[in-house]
> 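Got a structure here, written out as structure tokens. Questions coming.
Start at 1 and go down the list; that is how both ligands and their atoms are numbered. All values below were derived from every heavy atom in this structure, side-chain atoms included, with hydrogens, water molecules and symmetry-related copies excluded.
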Amino acid sequence: MSLLVIGTVAFDAIETPFGKTDKIVGGAATFIALSASYFASKINLVSVVGDDFPTSAIEMMQKRNVNTSGLQIKQGEKTFFWSGRYHNDMNTRDTLDTQLNVLEGFDPIIPEAFQDCEFLMLGNLAPAVQMTVIDRLKIRPKLVVLDTMNFWMDIAMDELKALLKKVDVLTINDEEARQLSGEYSLVKAAQKILDMGPAYLIIKKGEHGALLFNRDQVFFAPALPLEEVFDPTGAGDSFAGGFIGYIAETRDISFDNLKRAVIFGSAMASFSVEKFGTERIQNLSQEEVDDRVQQFIDLVQFDISLVN
Ligand code: AMP
């Protein structure tokens, strides 16, 4: 049984108040798969790139136990390209350019060997493509997690709403939760979004942590206060990778285990922002991951007695 990850494998160009990159390797599925690889032993990737995508980046993923046999390489076509600029708060950003390139007309073919998918992570991609992946799996996975973004809400809201009826967990950021629900209060937004289909909702709030909701419970995980945030790109995807990777490995979808998964996800996101692109999450040691999770435990642990 395994974890199937879909999403973009991309080139990104990033501007932050601290620096600027030319095209570097990024993409939602790249961050997710790398991050999940610290927890899950078997990760299958379905995505698409053009012939301009470096073989070394594919090999880097393979070294981390990611099966890339479902990564289509389209000859004569260009890889998906995204460029963004972060504001001074490093929490908000503007998309400067999105070139779908090879993503237009992407047909997500699922290799027969990937049909044993028990956990499905639908990383950021056109909702219609995400839906096709669900439809093509012969057996419904135990847990389907969906990530999306404002870009798709702007141009494919109807497809996204149809998709929400078919997933178990939705992960979005606070602005996107407001856009999707039309509510400013995140608590009201969460209730409206849960009415749209998913049993669980995770609202990511960047440096302010993340909230996990179901109908009658809410859990909060902080973000680690870091001295330096270098590049927030992929933080959400690294979060999703740690979250689903941990669940896939423990195979436990109780609310208590989802809470633990949120902490592992937050730990992976905290690494991701420390360097540009995927650099930080390519070569972590198990010890580094464990230490980071311990920092989260220490951060929120306190003894208290109620006054009455
Ligand atoms: P995050 O910072 O977690 O929201 O993810 C950023 C990653 O998402 C980048 O590496 C981009 O390549 C990728 N990305 C940006 N826009 C889109 C989009 N419209 N669809 C899919 N992936 C995208």
> For ligand 1, which atoms have a heavy atom of M149 less than 4.0 angstrom away?
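Near M149, the atoms of ligand 1 are 16 (N), 17 (C), 18 (C), 19 (N).
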> In plain terms, say whether D237 and K204 are close enough for a salt bridge, that is, a side-chain N and a carboxylate O under 4.0 Å apart.
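Not counted as a salt bridge, because no side-chain N and carboxylate O are separated by less than 4.0 Å.
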> Taking the non-hydrogen atoms of F80, is any one of them nearer than 4.0 angstrom to ligand 1?
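True for this residue.
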> Quick one: look up the protein heavy atom nearest atom 6 (C) of ligand 1 and list residue, atom name and how far away it is.
D237 OD2, 3.5 Å
> Do the side chains of T233 and D12 get nearer than 4.5 Å, heavy atoms only?
yes
> Look at atom 2 (O) of ligand 1 and say which protein heavy atom is nearest, naming residue and atom and giving the distance to 0.1 Å.
G234 N, 2.7 Å
> Can you find a heavy atom in the side chain of L170 that is under 4.5 Å from one in the side chain of I193?
yes
> How close does the nearest protein non-hydrogen atom get to atom 20 (N) of ligand 1, and which residue and atom is it?
W152 NE1, 3.1 Å
> Which one holds for A126 and ligand 1: side chain close, backbone close, both close, or neither close, with close meaning a heavy atom under 4.0 Å?
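A126 to ligand 1: no contact under 4.0 Å from either part.
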> Decide whether F151 and L160 are clustered together by the hydrophobic rule: side chain heavy atoms of Ile, Leu, Val, Met, Phe, Trp, Tyr closer than 4.5 Å, transitively.
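Result: yes, single cluster for both.
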> Hey, which atoms in ligand 1 end up nearer than 4.0 Å to a heavy atom of G26?
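Going through ligand 1 atom by atom, the ones under 4.0 Å from G26 are 10 (O).
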> Do R280's NZ or CZ and the ring of F271 fall within the cation-pi criteria of under 6.0 Å and 45°?
no
> Are the aromatic ring centres of F11 and F80 under 6.0 angstrom apart?
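Aromatic pair excluded; centres sit 6.0 Å or further apart.
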> Any idea which protein heavy atom is nearest atom 4 (O) of ligand 1, and the distance to it?
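Ranking protein heavy atoms by distance from atom 4 (O) of ligand 1, first comes R93 NH2, 2.9 Å.
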> With a 4.0 Å cut-off on heavy atoms, is F31 in contact with ligand 1?
yes
> Hey, is E183 close enough to R178 for a salt bridge, meaning N to O under 4.0 Å?
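Result for this pair is no, no salt bridge flagged.
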> Need the ligand 1 atom indices (1-based, order shown) with element for anything under 4.0 Å from a heavy-atom of A10.
12 (O)
> Select the closest option to atom 21 (C) of ligand 1 among N124, T171, D97, judged by heavy-atom distance.
N124
> Can a cation-pi geometry be assigned to K142 and F119, taking NZ or CZ under 6.0 Å from the six-membered ring centre and within 45° of the ring axis?
no
> For the 3.5 Å polar cut-off, considering only N or O atoms, please tell me whether G236 and ligand 1 meet it.
yes
> Taking all heavy atoms of S2 and all of N44, pick out the closest pair and write down the distance.
OG-ND2, 3.2 Å
> So which heavy atom in the protein is nearest atom 19 (N) of ligand 1, and how far is it from that ligand atom?
F151 CD2, 3.3 Å
> Does any N/O atom on T8 come nearer than 3.5 Å to any N/O atom on ligand 1?
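Yes.
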> Regarding ligand 1, does G27 bring an N or O atom to under 3.5 Å of one of the ligand's N or O atoms?
yes
> Can the positive tip of R260 be found less than 6.0 Å from the middle of the six-membered ring of F243, inside 45° of the ring normal?
no
> Who's the nearest protein heavy-atom neighbour of atom 12 (O) of ligand 1, and how far?
D12 OD1, 2.6 Å
